[in-house]
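Okay, so here's the structure we're looking at.
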Amino acid sequence: QVQLVESGGGLVQAGGSLRLSCAASGRTFSTYCMAWFRQAPEAERELVATISRSADILYYADSVKGRFTISRDNAKNTVYLQMNSLKSEDTAVYYCAAVRTFYSATCSSSVADYAYWGQGTQVTVSS
């Protein structure tokens, strides 16, 4: 089992930056696809970004492309989401998620495919 603990959320002004972190337990972190999802009030959870096992394949939702950067440090069992040029529409609870992956490929974009989830961290962007 993998446990994920998120941190770094908070309140920022539009145009500002924030860096989220997600620390994972276990000794097999490098075998997992990692992803960031977000969920606004009364909305469905949506994919933000994914990163493959060796960080060679990255995916971003169109809404954050060019502004957000996903990265991972397998030695530290940690995945990050650097968020720049934040907009009010980025306001949501952000979740990190993991799924065991058996080969190098683009990670899934589906909520249902991720087996492990963090508790979520609130990001609020004031306009």
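In what follows, residues are counted from 1 in the order of the sequence shown.
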With sequence neighbours left out, the residues meeting side chain to side chain donor-acceptor pair (under 3.5 Å) with Ser52 are Asp56
Sequence neighbours excluded, the answer for side chain to side chain donor-acceptor pair (under 3.5 Å) partners of Glu89 is none
From the list Ser63, Ser109, Cys107, Ser108, side-chain contact (heavy atoms from CB on, under 4.5 Å) partner of Leu47 resolves to Ser109
Between the CG atom in Leu58 and the OG1 atom in Thr106, the distance rounded to the nearest 0.5 Å is 9.5 Å
For this session: Before giving the answer on salt bridge (Lys or Arg N to Asp or Glu O under 4.0 Å), spell out for Asp62 and Lys65 the whole-Å C-alpha distance, their side-chain angles and the decisive distance to 0.1 Å.
Result: CA-CA 5 Å; Asp62 288 342; Lys65 196 171 299 180; 3.2 Å; yes
Does Glu6 reach the main-chain N or O of Cys96 with its side chain, forming a donor-acceptor pair under 3.5 Å?
yes
Checklist entry - Taking a hydrophobic cluster as the set of Ile, Leu, Val, Met, Phe, Trp and Tyr residues connected by side-chain heavy atoms closer than 4.5 Å, whether directly or through intermediates, do Leu81 and Val93 fall within one such cluster? => result no
Okay, side chain of Thr78, backbone of Lys76: is any donor-acceptor separation there less than 3.5 Å?
-> yes
d(Leu4 CG, Gln119 CD) to nearest 0.5 Å is 8.5 Å
For Ser85, is there any backbone N or O sitting under 3.5 Å from a side-chain donor or acceptor partner on Arg67? yes
Smallest heavy-atom separation, Ser30 atom then Arg72 atom, equals CA-NH2, 4.2 Å
Contacts satisfying ring pair (Phe, Tyr, Trp, His ring centres under 6.0 Å) that involve residues 72-115 (not counting sequence neighbours) are Phe37-Tyr114
Hey, is the main chain of Arg53 close enough, under 3.5 Å, to the side chain of Asn74 for a donor-acceptor pair?
yes
